[in-house]
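Working notes, structure below.
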Amino acid sequence: MNQKRSWFLPACLIAGFAFLYVPILSLVIFSFNASKLVTVWGGFSAKWYAELLGNSQILDAAWLSVRIAAINASLAVVLGTMVALVLTRLGPFRGRALLSGMATAPLVMPEVITGLSMLLLFVSLEQWFGWPQGRGVTTIVIAHATFSLAYVAVIVQSRLTQLDESIEEAALDLGARPAKVFFVITLPIIAPALISGWLLAFTLSLDDLVIASFTSGPGSTTLPMVIFSKVRLGVSPEINALATILIAIVAIAVVVAGYFMKRQESMRQRDIQRAIAANQ
Amino acid sequence: MNEARRNDKYVPPWTDPKAEPYVRIEKVTKKFGDFVAVDDVSLNIYKNELFCLLGGSGCGKSTLLRMLAGFEQPTSGSIYLDGVDMAGIPPYNRPVNMMFQSYALFPHMSVEDNVAFGLKQERLAKNEVSKRVNDMLGLVQLAQFAKRKPHQLSGGQRQRVALARALVKQPKLLLLDEPLGALDKKLREQTQFELVNLQDRTGVTFVVVTHDQEEAMTLASRIGVMNQGRIVQVGTPTEIYEFPTTRFVADFIGSVNMFEGRIVDEDNDFVRIGAEDARCTIFINHGVAAAPNSTLWVAIRPEKVNISREPPPDASENCTTGIVQDIAYMGDVSIFNVKLDGGKVVKVTQPNLFRHAEETITWEDRVYLHWHPASGVVLLQ
Ligand SMILES: Nc1ncnc2c1ncn2[C@@H]1O[C@H](COP(=O)(O)OP(=O)(O)OP(=O)(O)O)[C@@H](O)[C@H]1O
Ligand SMILES: [Mg+2]
């Protein structure tokens with residue numbers, strides 16, 4: 001098997017890489033195209049990046065998107081951690097299955113439906129309570145938090161189930177009250193999971209178009225919405241530059257999140273190894 | 001306490017009817033759904049004791065311990081500690097500390113901070129905390145590891161951190177769930193003595209859970225043997241070993257040869273038991289309160305059986321014969337498996353007193369097994 005290397009696996013590898021990265025790569029390359037025609041290579045230039053910096057519409061939208069993503073991520077981490085805590089530490093309670101089902105539903109729910117239901121909710125809330133007035137940043141953040149908390153909940157829940165519960169019991173036993181145990185013991189131990197959850201929620205919100213379209217109002221146009229509307233009028237090299245920057249941000253966030261997850265896993269592995277070694 | 005033990009006039013508190021128990025467990029039952037994990041347990045533990053809860057896996061030892069710590073509430077019954085009813089008192093308000101089987105050290109804190117954690121919750125002055133932490137780390141010989149994180153320690157060192165962390169609070173009661181379970185055999189034996197030593201020096205009352213009977217024998221002032229949620233016998237290691245009251249205890253503690261039989265002759269100060277599977281009459285030099293003709297069992301420890309190739313002078317009672325089937329040389333002792341004529345295999349251990357025994361017993365030898373009238377323990381259930 002080893003000597004007669006089959007061509008099959010390398011071919012799979014190349015196909016996989018091609019499907020994943022050729023579109024992105026072409027986008028990145030054409031963002032440095034000097035020509036205004038997107039499909040014709042006219043030499044290397046960074047002028048579209050410079051032009052991007054002068055475009056206040058895009059910059060405003062980008063800033064708005066980043067703000068929404070950050071607020072959403074923070075909100076989602078708090079809510080998602082609460083859900084994860086309840087599901088892992090409260091034991092059996094009425095409605096447990098319902099909560100765990102609903103918390104993870106947004107992972108599989110079509111975005112259009114999430115967006116539509118959020119829109120209907122906001123409209124009827126406004127009719128009954130007068131809040132939220134119109135749609136804007138608040139409604140987008142709430143809508144985003146609703147689905148990104150599901151991702152955070154899943155990440156944190158898996159971390160909490162790994163965590164030896166007797167560590168928390170030991171803290172209780174040594175005289176710390178439950179709230180203190182959570183902040184001084186549990187939180188620092190699961191911090192890497194919270195960071196990766198935050199980053200994931202951030203990127204989910206940053207590149208969401210569908211849900212944001214349903215829940216945004218005048219004056220709250222996010223970056224993906226701007227890109228989408230511009231692209232409908234024709235692809236411009238400027239958008240390529242913008243997309244390249246977005247890809248860079250998302251890639252960094254994913255790598256950092258991955259790093260924290262991996263470090264956590266390797267720490268766990270190392271502890272297990274040491275425990276085994278110590279017993280020999 | 002050692003002083004007291006050496007003193008001839010020392011009366012163990014459990015034999016003193018006037019002594020006030022330190023921990024009183026009264027008719028405690030714990031159910032998980034329909035499953036009864038701890039079944040109507042009543043137990044008195046006295047101050048300064050090192051009490052061992054011994055039992056097989058799943059018999060409810062940890063559950064009982066967790067009720068003492070306050071992590072589980074009894075379904076019924078009550079627990080008193082130093083005269084105070086513990087019902088409804090949460091773990092963080094009990095003068096009880098626990099050492100967990102997994103040690104449960106805080107992975108993000110140094111050894112020092114782990115040990116200081118409990119004292120900080122009491123809002124003690126900073127220098128008081130650091131003094132007590134240093135003293136405790138010295139006591140468990142971890143002073144030079146104070147700044148390390150738990151994952152930088154060996155298993156034995158972690159075990160000592162866990163112990164120090166629980167002891168530094170000077171609890172009225174220290175609970176230890178399989179404290180040595182994660183250590184290898186050699187380290188375990190060494191640590192057993194350290195644990196007894198530490199208990200002696202600190203004077204804290206210990207309740208230790210273990211499923212290792214040798215460990216219980218080494219550590220305990222008294223042992224409570226558990227089976228299926230119940231306490232089946234409580235006593236000193238000697239009592240448990242030499243005077244088991246049930247077949248379960250006799251079997252569970254050490255190894256034992258069990259013969260089934262019926263009384264053929266009895267009086268106030270002796271009893272003769274016809275034991276079919278032993279192929280002899282067993283004579284016991286004390287009376288037994290058993291209904292005539294009821295089935296009973298005689299337990300004889302392997303080390304209390306003599307083995308020889310020549311028949312003993314009086315072979316009429318307490319003597320049977322068989323063929324050596326197996327010999328295991330253990331260094332200090334040899335273990336013989338002797339198959340009696342009826343087919344039952346009896347285990348005999350003999351100390352190896354001489355380096356060159358002239359007349360060693362070997363495989364397939366016909367041997368005589370005999371024992372003293374005081375060696376057999378009569379068990380009614
Ligand atoms: N929270 C729980 N819910 C349901 N059943 C439980 C719970 N905790 C313990 N049990 C059951 O109660 C029984 C006793 O458990 P316990 O942990 O006290 O055993 P143990 O004597 O400590 O055994 P081991 O030596 O294996 O630790 C077991 O059968 C276990 O399955
Ligand atoms: Mg247990």
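Computed from a prediction, not measured in an experiment: that's the story for all the values here. Letters A, B, ... are given to chains in the order of the sequence lines, protein chains preceding strands, and every chain is numbered from 1. The figures here come from the full heavy-atom set of this structure, side chains too, leaving out hydrogens, waters and symmetry mates.
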Ionic contact status for B:R188 with B:D212, cut-off 4.0 Å: yes
What part of B:V96 lies closer than 4.5 angstrom to a heavy atom of chain A: side chain, backbone, both or neither? backbone
Does any backbone or side-chain atom of B:R165 lie under 4.5 Å from a heavy atom of chain A? Answer side chain, backbone, both or neither. both
Output, in order, the C-alpha distance, side-chain angles, deciding distance and verdict of side chain to side chain contact (heavy atoms under 4.5 Å, CB included) for B:F51 and B:F206. CA-CA 6 Å; B:F51 192 94; B:F206 279 32; over 6 Å; no
Below 4.5 Å from any heavy atom of chain A, which atoms of B:L175 appear? Answer side chain, backbone, both or neither. neither
Check: B:Q73/B:K30 side-chain N/O donor and acceptor closer than 3.5 Å: no
Under the criterion side chain to side chain contact (heavy atoms under 4.5 Å, CB included), I'd like the reasoning laid out for B:N44 against B:V23: C-alpha separation, chi angles, the key distance, then a yes or no. CA-CA 6 Å; B:N44 286 335; B:V23 182; over 6 Å; no
Using non-hydrogen atoms only, which part of B:M99 is less than 4.5 Å away from chain A: side chain, backbone, both, or neither? neither
Which residues pass the side chain to side chain contact (heavy atoms under 4.5 Å, CB included) test with B:A125, not counting sequence neighbours? B:N127, B:E128
Could you tell me which portion of A:V184 (side chain, backbone, both or neither) has an atom closer than 4.5 angstrom to a non-hydrogen atom of chain B? both
Proximal component of A:D164, with respect to chain B [non-hydrogen, under 4.5 Å]: side chain
I need the residue from B:H108, B:K185, B:Q157, B:M109 with the largest number of non-hydrogen atom pairs under 4.5 Å to chain A. B:H108
Tell me, side chain or backbone of A:A191 under 4.5 Å from chain B's heavy atoms, or both, or neither? neither
Flag if over 12 foreign heavy atoms under 6.0 Å of CZ, A:F93: yes
